[in-house]
Amino acid sequence: MRNEKLFVTLWAIMDYTLNVHGLLMDLREPQVMGILNVTPDSFYAGSRKQTEAEIVERCHQIVDEGGTIIDVGACSTRPGAEMASETEEMERLRFALAVVRRELPSSVVSVDTFRPDVARMTVEEFGADIINDVSEGNPEMFRMVARLGVPYILMSVQPTMRETLLAFAQKVQQLRDFGAKDIILDSGFGFGKTLEQNYQMMNVLEQLQVMELPVLVGVSRKSMIYKKFGCTPTESLNGTTALNTIALMKGADILRVHDVREAVECVKIVDSLKIRV
C-alpha cells in the first residue's frame, strides 16, 4: 500500500506541458531526448557526429526510435576537454542545425549551450525550441531565454539534494522575475558530485517534485555508471537503462539519452506499472 500511494502521488503531479513555439508538448507521458553531439571530443565516442551524412543518420535515428526531442550540442563539457570558442560553437551549430531543419523541419530541437549569444543565434536563425544550459545558469542567460520565449533547462552542480533545492528555488525565482515561463529542472548527474553523491541524488530524486516543475534526467553512459563497474562508456548501456527506469519511477518527465530505443522501452514499461485511479 505504501508503494501504491507513492506511485499515485508522483504520477498525479506529473501533469506538465511545454509551450514549444505555440504548440503544447504534453509531458504526462515522459519524453525521450536524443543526443546529437557535433563535437570531436564528447566523452562517449559513439555520440560524435560531425559530417553531414552522420548528422542526417543520427537525427533520423532519434525520431525513428521514438525520440521526441533532438538535443544538439557543439561544445563538450566533459572533464579535461578543451573548451570550444564561442565562434567555433556557433559554426558547428549552424552546420548541424541547417541539416536537422532540412531533414526534419517539424522536429523539436533543443540546443545544449551555456552561452547566451549562442542561444540567441540558434533560436533566431534556426528556430531552436529549447535551450539546455549545463552552467547552472546566470542572469545574462536568464534574460536571454526570457526574451526569446523558449523553454529553458536549468541544471544544478550542487552535490546534495538540499543544496540543489535551495539553488533551484533562488534561480527559478530569478528566471520568473525576468519573465521566463517554461522551466525544466535537471539535478545535474555527473556535475559537481562524487560517485556516491550521484547515487544519493538519485535515491531522493522524487524530492524535486516539491518545485512543481518538469524534471529532466541525464545519466546516459556517464561516469557514475562506468566508474562504478570499472568499465567504459561503451559498456554502460545496461546501467543506463537501470537508472533511467528508476528515474522514471521517481518522477522524471524527460530522459536525455544516447540510446533512444532502449529509453523509449523504459518509458513504456514504467507506464504499464501506473496505478489507474
Side-chain angles (χ1 to χ4, degrees), residues 10 30-37 39-49 58 61-62 65-67 69-73 75-81 110 112 132-136 153-161 163-164 184-208 214-271 273:
L10 287 179
Q31 305 295 302
V32 174
M33 172 188 284
I35 298 168
L36 168 56
N37 283 324
T39 60
D41 55 352
S42 296
F43 78 92
Y44 174 46
S47 72
R48 302 170 192 165
K49 310 295 179 183
R58 177 57 178 163
Q61 179 188 30
I62 289 170
E65 292 185 358
I69 306 170
I70 301 172
D71 189 54
V72 185
C75 181
S76 178
T77 55
R78 70 172 176 83
S110 167
D112 183 347
N132 180 14
D133 182 2
V134 299
S135 71
E136 201 174 28
I153 300 170
L154 172 66
M155 197 191 78
S156 172
V157 299
Q158 300 301 317
T160 68
M161 180 58 78
E163 290 167 292
T164 294
I184 304 156
L185 303 180
D186 176 357
S187 60
F189 289 102
F191 290 84
K193 300 167 184 64
T194 65
L195 181 65
E196 293 75 18
Q197 286 169 336
N198 278 300
Y199 284 96
Q200 290 165 1
M201 182 71 71
M202 181 64 77
N203 190 44
V204 295
L205 188 69
E206 67 277 4
Q207 292 181 18
L208 284 179
V215 172
L216 177 146
V217 168
V219 295
S220 185
R221 298 182 180 267
K222 285 189 174 179
S223 62
M224 66 183 290
I225 301 167
Y226 63 80
K227 285 185 178 179
K228 188 172 187 65
F229 297 108
C231 60
T232 65
T234 304
E235 300 167 299
S236 299
L237 175 56
N238 189 55
T240 297
T241 298
L243 288 175
N244 279 338
T245 303
I246 293 167
L248 290 166
M249 295 179 74
K250 287 178 170 285
D253 300 283
I254 301 172
L255 297 178
R256 181 180 182 272
V257 301
H258 299 95
D259 307 281
V260 173
R261 179 176 61 82
E262 291 81 356
V264 169
E265 289 178 358
C266 289
V267 171
K268 293 183 181 300
I269 287 171
V270 173
D271 182 69
L273 300 177

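- Across all non-hydrogen atoms, the minimal contact from L273 to M249 is CD1-CE, 4.3 Å.
- To the nearest 0.5 Å, atoms CD1 (I254) and CG (L185) are separated by 10.5 Å.
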- [ ] Please report the C-alpha distance between Y226 and E235 in whole Å, then the side-chain angles of each, then the deciding distance to 0.1 Å, and finally whether the side chain to side chain contact (heavy atoms under 4.5 Å, CB included) criterion is met.
- [x] CA-CA 7 Å; Y226 63 80; E235 300 167 299; over 6 Å; no

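- For the pair D112/R256, a side-chain contact is recorded, criterion being any heavy-atom separation below 4.5 Å from C-beta on.
- Looking at heavy atoms from C-beta onward, V219 lies in side-chain contact with M202 at the 4.5 angstrom threshold.
- Counting heavy atoms from C-beta on, the side chains of M161 and L208 come closer than 4.5 Å.
- Within the 4.5 Å cutoff, the side chain of K228 has heavy atoms near those of the Y199 side chain.
- When every heavy atom of P30 is checked against every heavy atom of V267, the shortest pair comes out as O-CG1, 3.7 Å.
- In this structure, the separation between CD1 on I69 and CE on M33 is 4.5 Å, given to the nearest 0.5 Å.
- Not one N or O on the side chain of K268 forms a donor-acceptor pair closer than 3.5 Å with the backbone of C266.
- Using a distance-only test at 3.5 Å, with no hydrogens or angles considered, a donor-acceptor pair links the side chain of D253 to the main chain of V215.
- Contact of the S220 side chain with the D259 side chain is registered, since non-hydrogen atoms from C-beta on lie closer than 4.5 Å.
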Task: Steps toward side chain to side chain contact (heavy atoms under 4.5 Å, CB included) verdict (D133, M155) - done: CA-CA 7 Å; D133 182 2; M155 197 191 78; over 6 Å; no

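- Between S110 and I153 the shortest heavy-atom distance is OG-CD1, 4.5 Å.
- Between L248 and A252, the shortest heavy-atom distance links the atoms CD2-O, 3.8 Å.
- Side-chain contact between S223 and L195 is absent, with no heavy-atom pair separated by less than 4.5 Å.
- No side-chain donor-acceptor contact under 3.5 Å links Q158 to the backbone of T164.
- Of the possible donor and acceptor atoms, one in the side chain of N198 sits under 3.5 Å from a partner among the backbone N and O of G190.
- Nearest heavy atom pair, residue G67 against residue V260, reads N-CG1, 3.4 Å.
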TODO: Decide side chain to side chain contact (heavy atoms under 4.5 Å, CB included) for T240 and E262; before the verdict, give the C-alpha distance in whole Å, the side-chain angles of both, and the deciding distance to 0.1 Å.
DONE: CA-CA 9 Å; T240 297; E262 291 81 356; over 6 Å; no

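- Looking at heavy atoms from C-beta onward, T245 lies out of side-chain contact with I269 at the 4.5 angstrom threshold.
- From T232, atom OG1 reaches atom CD1 of I225 across 11.5 Å, with rounding to the nearest 0.5 Å.
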TODO: Please test N37 against T39 for side-chain hydrogen bond (donor to acceptor under 3.5 Å, both in side chains), starting from the C-alpha separation and ending with a verdict.
DONE: CA-CA 6 Å; N37 283 324; T39 60; 4.9 Å; no

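- When all heavy atoms of Q197 and G192 are compared, the closest pair comes out as OE1-O, 4.2 Å.
- Distance check: M224 CE to S236 OG gives 11.0 Å after rounding to the nearest 0.5 Å.
- Under the 4.5 Å side-chain criterion, counting only non-hydrogen atoms from C-beta, L237 is in contact with R221.
- The structure places CG of L205 at 13.5 Å from CD of Q200, a figure rounded to the nearest 0.5 Å.
- Distance CD1/I70 to CD/Q61: 11.0 Å, rounded to 0.5 Å.
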